[in-house]
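Labels below follow one simple rule: chain letters A, B, ... track the order of the sequence lines, proteins then strands, and each chain is numbered from 1. Only heavy atoms go into these numbers, but all of them, side chains included; no hydrogens, no water, no symmetry mates.
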2 protein chains.
Amino acid sequence: MSQQRHGSTSGGSDRANAVPAFPDLPEATIARLPEYLRALHNLGEGGADTISSEGLAAAAGVNSAKLRKDLSHLGSYGTRGVGYDIALLIEQIEYVLGLDQRRAVCLVGVGNLGHALAGYDGFASRGFKIVALFDADPSKVGERIHGLIVRHIDELPQVAVEETIAIGVIATPAGAAQAVADELVAAGVTSILNFAPCVLSVPANVDVRKVDLAIELQILSFHEHRKASLTALPGGRSATGAGNQEAVGS
Amino acid sequence: MSQQRHGSTSGGSDRANAVPAFPDLPEATIARLPEYLRALHNLGEGGADTISSEGLAAAAGVNSAKLRKDLSHLGSYGTRGVGYDIALLIEQIEYVLGLDQRRAVCLVGVGNLGHALAGYDGFASRGFKIVALFDADPSKVGERIHGLIVRHIDELPQVAVEETIAIGVIATPAGAAQAVADELVAAGVTSILNFAPCVLSVPANVDVRKVDLAIELQILSFHEHRKASLTALPGGRSATGAGNQEAVGS
DNA sequence: CGCGATTTGTGCACGCCTTCACAAGCGCCT
DNA sequence: AGGCGCTTGTGAAGGCGTGCACAAATCGCG
């Protein structure tokens, strides 16, 4: 533990980085940190104090060497011969992910999916707070969903001033998504989670992540198809080839 | 063009697939095919007949070279100097993904999220059909959602016999997910889409894909955090000028 | 009929990520 | 205190994916 290496002080950033707080975390590592975090919370609730890389890797569903390398990237707070201090590691990962500050999320589109997202516990319990719901449909404006009133999308700029919105979630039909994205960007939002099945065009400083439920099914469909076409084959190796747990996000 | 290149040479890595329809498609390619498919459908509705790799790549949000390489993996049905025949390419991709046969999906857990998923149009419109809804909560059994009656999870084996269920979707709380997965596997399901925030343990021949909404947000949170720590650097906001950067796809 | 414009298909190099294997470090037991 | 076993952290190797750059192929036109 001792000092955090984020402090601008910490003399030796391996790279020639003048200031920025973070080492260059590989994107693949970043995508796994939340998974580790969830596993750590589970383990912590189970009463454990420390956990070995082997154990945590199993809980997170990854290879232990990969896990160790991932954690080493962010400074590594493990103890050889013992393992990782769960509470400390949670704190570290939450800091790196920026979860120590609860981020405000706004959700645009309270249709079928948006409605469900508005009430999804996982948001609140994992560092986020939905602060506003928007829709373009006047018949939906005013509706109360899980304690929040749906406002018209035109109010977005105003709300963005009142609350500092970190992340915008788009749950509209595909046709409306680009326009909504533009409005979010104009309102200062720099991170977007897009559930609409379309490609968004945004400025370079805005991050977009996409979740497309149908695509996930189609990928599974491919594997089904392939497996089906293999059943007609001589049994040879029994399919250990493909069974694995891919997490979305490629 | 020409025909498929199954027994592609490449010194022996290609384990002779006697029959199966596919070369070894890279996993990354498979994950992008649905995206191409969606873009193609859009283009087709726009009235176009053919599309260049450049155009399709733009519509799908990827690099054109990558797109060409992806398509070449499945045999390539493009014409040099012209482009790809949209209808033909749609047919090809749908075949590869196994979408020519509408696959039956069952959904377990009709809570907040499951309720929304049950009514999600994207499933029906993109090759899937939800044939059954299950829940363990007796108070939910019997409820009618978008034309389907919620049945008790214990009926799963029976339903699996009546309908050939290709894919199971888990939208239960994390605590129940593993048990549900076990039951799905026991019922013969070999592909699972898991929305519960937990790692599932399944036999090697079962494919699992995971979608965790909170994780997506946490990844965005990291980028927000990083961007915030960089604000002391050059590179002011360039407004919505010629916005176009890609999506974080990793 | 040939030429130029256009676009596909792909060889190649580069960089990222994964995985192995092992030295270094730490705690515990004797 | 010293040795032993366990676990981390990491160097190195290999694999995979990406993107460039270009040859091959095709169409349209003079």
Taking [atom1] from [X] and [atom2] from [N], how many angstroms apart are they, rounded to a whole number?
X     : N      : atom1 : atom2 : answer
A/E27 : C/dT18 : CD    : P     : 12 Å
A/I30 : C/dC16 : CD1   : P     : 13 Å
B/K66 : D/dC16 : NZ    : C1'   : 13 Å
A/D49 : C/dG27 : CG    : P     : 15 Å
A/D70 : C/dC17 : CG    : C1'   : 10 Å
A/L67 : C/dC17 : CG    : P     : 16 Å
B/L74 : C/dG9  : CG    : C1'   : 13 Å
B/R32 : D/dC16 : CZ    : P     : 15 Å

Review point. For nucleotides 8-13 of chain D, read 5' to 3', which letter fits each nucleotide if B means a protein heavy atom sits under 4.0 Å from the base, S means only the sugar-phosphate is that close, and - means neither?
Key: BBBBB-
Exercise for review: Using only side-chain N and O atoms of B/N63, determine if any of them is under 4.0 Å from OP1 or OP2 of D/dC20.
Suggested key: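 For D/dC20, OP1/OP2 do have a side-chain N/O of B/N63 under 4.0 Å.
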Say you draw a straight line from [atom1] of [X] to [atom2] of [Y]; how long is it, rounded to the nearest 0.5 Å?
X      : Y      : atom1 : atom2 : value
A/F222 : B/T29  : CZ    : OG1   : 9.5 Å
A/K210 : A/L193 : NZ    : CG    : 11.5 Å
A/I167 : A/F123 : CD1   : CZ    : 9.5 Å

Point to revise | Under 3.5 Å side-chain donor-acceptor pair for B/H41 and B/R38 | key: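 Checked: B/H41/B/R38 side chains show no N/O donor-acceptor pair below 3.5 Å.
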Exercise for review: Answer yes if the side chains of B/S201 and B/Q178 hold a donor-acceptor pair under 3.5 Å, and no otherwise.
Suggested key: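 Side chains of B/S201 and B/Q178: no pair found under 3.5 Å.
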Review point. Which salt bridge (charged side-chain N to carboxylate O under 4.0 Å, His left out) pairs, counting each pair once, include a residue from residues 51-77 of chain A, with sequence neighbours left out?
Key: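 Salt bridge (charged side-chain N to carboxylate O under 4.0 Å, His left out) check on residues 51-77 of chain A returns A/R32-A/D70.
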